[in-house]
Amino acid sequence: MDTIQITASKTYQVLTGQGLLCQAGKLISAALPGKARKLCIVADDTVDRLYSKALAESLLKAGYETVKFTFPPGEASKSLDTVSHLLEFLAESQLTRSDGIVALGGGITGDLAGFAAAVYLRGIDFVQVPTTLLAAVDSSVGGKTGVNLTSGKNLAGAFWQPSLVLFDIDTMKTLSYDLLLDGAAEAIKAGAIADKELFAYIQQAPRLDAPETIRHLSQRAIEIKRQVVEADERDTGVRQLLNFGHTIGHAIERCSDFSISHGHAVAIGMVICSRASLALEWSKEDCLRPILSSLKKFSFPLECPYTAQELTAAALNDKKRMGDKITLVVPLTLGNCTLKTIPVTQLEEFIKAGLS
Ligand SMILES: NC(=O)c1ccc[n+]([C@@H]2O[C@H](COP(=O)([O-])OP(=O)(O)OC[C@H]3O[C@@H](n4cnc5c(N)ncnc54)[C@H](O)[C@@H]3O)[C@@H](O)[C@H]2O)c1
Ligand SMILES: [Zn+2]
């Protein structure tokens with residue numbers, strides 16, 4: 001079992017290994033000593049069918065009483081409406097401040113259940129049990145929780161750190177290759193901002209779905225996320241580097257009406273951004289080549305079906321954007337990115353340089 005300790009507003013461990021789900025009760029009681037008595041498992045219907053039983057049995061064995069809240073899979077469930085139902089369920093189940101929530105699932109479950117944990121009784125403990133690679137390498141660590149509003153994604157939320165993160169690599173066996181790719185994109189992004197060696201590793205790594213590859217990618221990505229979160233928990237500075245590939249990635253998601261998934265869009269966004277930074281001589285070396293060959297090694301589809309004009313319009317429509325400037329994350333050297341603020345009028349030219 002690998003352990004990474006995160007020291008933010010809460011200190012907690014991220015445990016990675018095989019067969020952890022069956023040990024969850026023991027591991028959770030070590031992280032919440034003498035505290036929680038009742039735990040609410042939160043899962044979408046798919047993950048519930050696959051993994052709730054093993055988790056609940058392990059919790060029961062460790063002396064916990066469990067209740068379970070399930071919801072339909074998909075981004076539409078990441079809403080205030082679902083949070084409202086979950087909060088009512090917690091109250092009906094009489095969870096107290098010494099009880100807790102276990103988020104069993106992907107990023108949607110973690111964001112949703114974490115947000116409910118942040119606001120129920122003004123905050124109760126929660127444990128993240130990520131079952132997608134994206135959740136393991138990105139969303140389960142760092143304490144960003146929240147839901148979508150009709151006006152846009154992730155517009156309501158809270159910073160609320162988990163008390164423990166348990167990543168059982170065996171749960172990756174049921175994940176589709178496309179979902180594995182979504183997580184791999186975020187791991188490659190982490191490498192691009194802080195770990196040049198990850199690219200050498202990927203070149204000689206076995207297949208993406210090999211447990212050893214998953215273990216290595218997740219450990220490196222979590223370690224980088226640890227450094228960034230510890231330096232800037234509330235996302236006012238260096239944490240913004242985690243958005244490498246995301247401004248254009250979000251535009252691609254929007255242009256595709258979200259039929260291109262987040263990780264796939266971020267992969268294309270990183271390529272566009274690296275190619276443009278190279279062409280405009282903002283990068284001090286060719287970061288495009290290693291990023292591109294790592295993405296190709298895992299067979300990412302990298303075709304961008306949209307024009308610079310379409311992507312610019314979608315990027316500038318982002319409700320989170322402020323004023324007449326936009327901040328991009330650009331690679332300086334491999335493993336070292338920087339923030340670059342440009343006037344919005346230059347964005348189309350930048351994207352054009354990245355598409356050619
Ligand atoms: N909080 C953060 O810092 C942060 C960071 C990145 C992304 N996110 C959020 O994460 C969400 C996306 O996360 P996601 O891609 O994990 O989505 P998700 O939670 O919807 O999971 C994707 C799909 O995989 C299924 N699934 C999950 N685990 C499985 C398994 N082991 N086997 C088979 N199927 C499984 C789910 O049922 C779902 O249909 C977005 O809402 C995004 O905004 C949050
Ligand atoms: Zn992302």
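First listed ligand is number 1; within each ligand, the first listed atom is number 1.
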Taking 4.0 Å as the limit for heavy-atom contacts, which would you say applies to [X] with ligand 1: side chain only, backbone only, both, or neither?
X      : result
Leu179 : side chain
Asn154 : side chain
Asp45  : neither
Asp111 : side chain
Leu134 : side chain

Sub-4.0 Å heavy-atom contact, Asp44 with ligand 1 |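 Yes, Asp44 has a heavy atom closer than 4.0 Å to ligand 1.
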Would you find a donor on one side and an acceptor on the other, under 3.5 Å apart, between the side chain of [X] and the backbone of [Y]?
X      : Y      : result
Lys53  : Asp48  : no
Glu88  : His85  : no
Asn148 : Gly152 : no
Ser58  : Ala54  : no

Shortest protein contact, atom 6 (C) of ligand 1 (heavy atom only) |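 Going by distance alone, atom 6 (C) of ligand 1 is nearest to Asp138 OD2, 3.6 Å.
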Heavy atom of the protein closest to atom 21 (O) of ligand 1 (residue, atom name, distance) |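 Heavy-atom neighbour on the protein nearest atom 21 (O) of ligand 1: Thr132 CG2, 3.6 Å.
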Trace of the side chain to side chain contact (heavy atoms under 4.5 Å, CB included) decision for Glu75 with Lys153 | CA-CA 9 Å; Glu75 197 71 41; Lys153 275 194 70 179; 3.5 Å; yes
Pull out every atom of ligand 1 sitting under 4.0 Å from any heavy atom of [X], numbered as shown with elements.
X      : answer
Pro73  : 37 (O), 39 (O)
Thr171 : 30 (C), 31 (N)
Glu75  : 40 (C), 41 (O)
Gly106 : 16 (O), 19 (O)
Thr174 : 30 (C), 31 (N), 32 (N), 33 (C)
Tyr51  : 31 (N)
Lys225 : 3 (O)
Thr46  : 37 (O)

If you measure from [atom] to every heavy atom of [options], which option wins on shortest distance?
atom                    : options                        : answer
atom 43 (O) of ligand 1 : Lys78, Met172, Glu186, His262  : Lys78
atom 34 (N) of ligand 1 : Leu175, Val266, Leu180         : Leu175
atom 10 (O) of ligand 1 : Gly107, Ser176, Ala136, Ala103 : Gly107
atom 5 (C) of ligand 1  : Gly110, Ser139, Gly105         : Ser139
atom 11 (C) of ligand 1 : Thr131, Val47, Ile108          : Ile108

Name of the residue among Asp209, Ile214, Leu180 meeting side chain to side chain contact (heavy atoms under 4.5 Å, CB included) with Leu175 |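 Single pass found, and it is Leu180.
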For side chain to side chain contact (heavy atoms under 4.5 Å, CB included), just list the numbers for Leu27 and Leu20, CA-CA rounded to whole Å, side-chain angles, deciding distance to a tenth of an Å, and then say yes or no.
-> CA-CA 9 Å; Leu27 297 168; Leu20 292 193; 4.2 Å; yes
Quick one: are [X] and [Y] in side-chain contact, heavy atoms under 4.5 Å?
X     : Y     : answer
Ser29 : Tyr64 : yes
Asp44 : Pro72 : no
Thr11 : Ile6  : no

Ring-face cation of Lys144 near Trp160 (centre distance under 6.0 Å, axis angle within 45°) =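 Relative to the ring axis of Trp160, which defines the angle, Lys144 lies outside at least one limit.
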Trace of the side chain to side chain contact (heavy atoms under 4.5 Å, CB included) decision for Gln13 with Ile4 | CA-CA 6 Å; Gln13 294 190 323; Ile4 293 178; over 6 Å; no
Closest approach to the Zn ion (ligand 2) by His262, given as the N, O or S atom name |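 Answer by atom name: NE2.
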Please step through salt bridge (Lys or Arg N to Asp or Glu O under 4.0 Å) for the pair Arg220 and Glu223, ending with a clear verdict.
-> CA-CA 5 Å; Arg220 293 308 307 154; Glu223 171 57 26; 5.9 Å; no
With sequence neighbours left out, which residue pairs that include part of residues 173-194 fulfil the salt bridge (charged side-chain N to carboxylate O under 4.0 Å, His left out) condition?
->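 For residues 173-194: Asp138-Lys189, Asp170-Lys173, Glu186-Lys189.
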Please state whether the separation between the Zn ion (ligand 2) and some N/O/S atom of Glu186 is under 2.8 Å?
->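 An N, O or S atom of Glu186 is closer than 2.8 Å to the Zn ion (ligand 2), so yes.
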